[in-house]
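As structure tokens, the structure follows; a few thoughts come after it.
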Amino acid sequence: MARSESAPIVLKKWWEMLMKDGETAERGFWPAVAAIALGAFALVVTEFLPVGLLPQLSADTGVSAGVAGLTITAPAVVAAVAAPAMTMLIGRIDRRTVLLALTGLQIISAAASALAPNFGVLLGARLLLGVAIGGFLGVALAAAARLAPANKVHVASSAVIGGISVASVVSVPAGAAIAEHGDWRHAFWIAAVLAAATLALQAVVLPRIEAGQSVIPAHFFGLLRTPRVSLILAAILLIVAGHYAAYTFITPFLQQTVHLRPGPLSALLLAYGIFTVVGNFGGGAAAGRRLSASVMGTAITFFLALLAVALFGSYAIPAMLVWALAWGAAPVVTQLWLYHETPHAIEAAQAMNTSVFQLSIGCGSLLGGLVVDTVSVRSSMWLGAAVLACAIITVLIVRSFGHRPTGPAAGKPVATESVP
């Protein structure tokens, strides 16, 4: 190889040489899938870092805790629009190009956030992140699945889902730990470095990824016209919104109500994250046995835990860990629930799930911010419990319909191994 060639080009040629070997090609999809999973991980970490930074960010930028919560709300709302919009706009463009461009946009957003001279600029940088989140997560699962052999598709999907789940767990305690030992801007510089490393890996290991059938508006409208699918999406919206109405303000809640100092606060948030991972695996195992019952059990547990936190305040730490278990299970069981109903339109369903999930984050954190600013930080826990009560009612309505799969693949079982 010529001495003038850059390191990324040399690595890429080495990678392509390896891929010529048949046995290696069978194994060779793993680094590419890992690069996509790492991209999802980096995006979600960057999205939720402000939750752990909220008190310091609020004080430094001179805005209230509720207004500072817009750093969570704004990118989530943009991502909710970007997920279906970009899935349609990119058409049949090589998904490698799409993923690289969106990871690059994440770097720009994180660096701009770290350099922001005021809250307005910070919010604008977070809006860019929303575009990256919606576009990337809208195609990530399908791209990973296309890279894998047919018998490994569920494992490839698991890797991406796992990246998202782990990121949602580590981002908040990481943000809190950074805020304890440094400046909130350091967190965004770390996010920028993580995104840059991810982009370098993707540039080396991602091959060309052919797009499947182009997604058109009719695919989304077709799903929404199915009452059961629409109700499932409504239930997902309520579960996620209930969580983020409370969770966005968990750091000021623990400081003001439980009176935790920075060290114990970081430890509790880390414990919360560990319990979330346990809930993630437990939810997947439960969904593999009884999917509908797992959704209902998760929603009820979630509601009772949030109600206990709201009622008992400073004595609510055990209830918070139960809340963590329920939240760990919730994204897994609800995603399988939706996929079980939409085997005929998986890519459109993934974009809709991303959109609803992000819209739920935005709505929940926005409503939570309003009640925090007008009532108290503890009221965000009451709001979360009330929204979860509505979610339970919605799940009950869905279950009353009975399972009626629709579309060409109706009646075919959906593998539950895609749960991380």
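No donor-acceptor pair closer than 3.5 Å links the side chain of Arg399 to the backbone N or O of Thr394. For the pair Thr251 (side chain) and Val51 (backbone), a donor-acceptor distance under 3.5 Å is present. With Thr276 contributing its side chain and Tyr272 its backbone, the two residues share a donor-acceptor pair below 3.5 Å. Between the side chain of Arg146 and the backbone N or O of Arg95 there is no donor-acceptor pair closer than 3.5 Å. Looking at Thr61, its side chain does come within 3.5 Å of a backbone N or O of Leu57 through a donor-acceptor pair. Between the side chain of Ser380 and the main chain of Phe249, no donor-acceptor pair closer than 3.5 Å is present. Judged purely by atom type and a 3.5 angstrom limit, Thr334 has no side-chain atom pairing as donor or acceptor with the backbone of Ile236.
Of all the heavy atoms in Ile239 and Ala330, the pair that sits closest is CG2-CB, 4.0 Å. The two residues Arg185 and Ala116 make their nearest non-hydrogen contact at NH1-O, 2.6 Å. The nearest pair of heavy atoms linking Val395 to Ala235 is CG2-CB, 4.0 Å.
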Which is it for Val121 and Leu115 under the side chain to side chain contact (heavy atoms under 4.5 Å, CB included) test, yes or no, and what are the steps along the way? CA-CA 9 Å; Val121 174; Leu115 293 169; over 6 Å; no
Determine whether Arg126 and Thr46 satisfy the following criterion, side chain to side chain contact (heavy atoms under 4.5 Å, CB included), listing intermediate values before the conclusion. CA-CA 9 Å; Arg126 299 289 290 173; Thr46 309; 4.1 Å; yes
Test side chain to side chain contact (heavy atoms under 4.5 Å, CB included) applied to Val398 and Arg228, step by step: CA-CA 6 Å; Val398 175; Arg228 185 176 169 91; 3.8 Å; yes
Please evaluate residues Leu388 and Ile392 with respect to the criterion side chain to side chain contact (heavy atoms under 4.5 Å, CB included), reporting the C-alpha separation (whole Å), side-chain torsions for both, the decisive distance (0.1 Å), and the verdict. CA-CA 6 Å; Leu388 261 296; Ile392 292 171; 5.6 Å; no
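In this pair, Trp327 and His243 present their aromatic rings parallel. The plane angle is below 30°, not in the 30 to 60° band. Between Tyr244 and Phe48, the two ring planes are parallel [angle under 30°; tilted spans 30° to 60°].
For the residue pair Gln202 and Thr103, a side-chain donor N or O sits within less than 3.5 Å of a side-chain acceptor on the partner.
Residues Ile72 and Glu47 are not in side-chain contact: their nearest non-hydrogen atoms beyond the backbone lie 4.5 Å or more apart.
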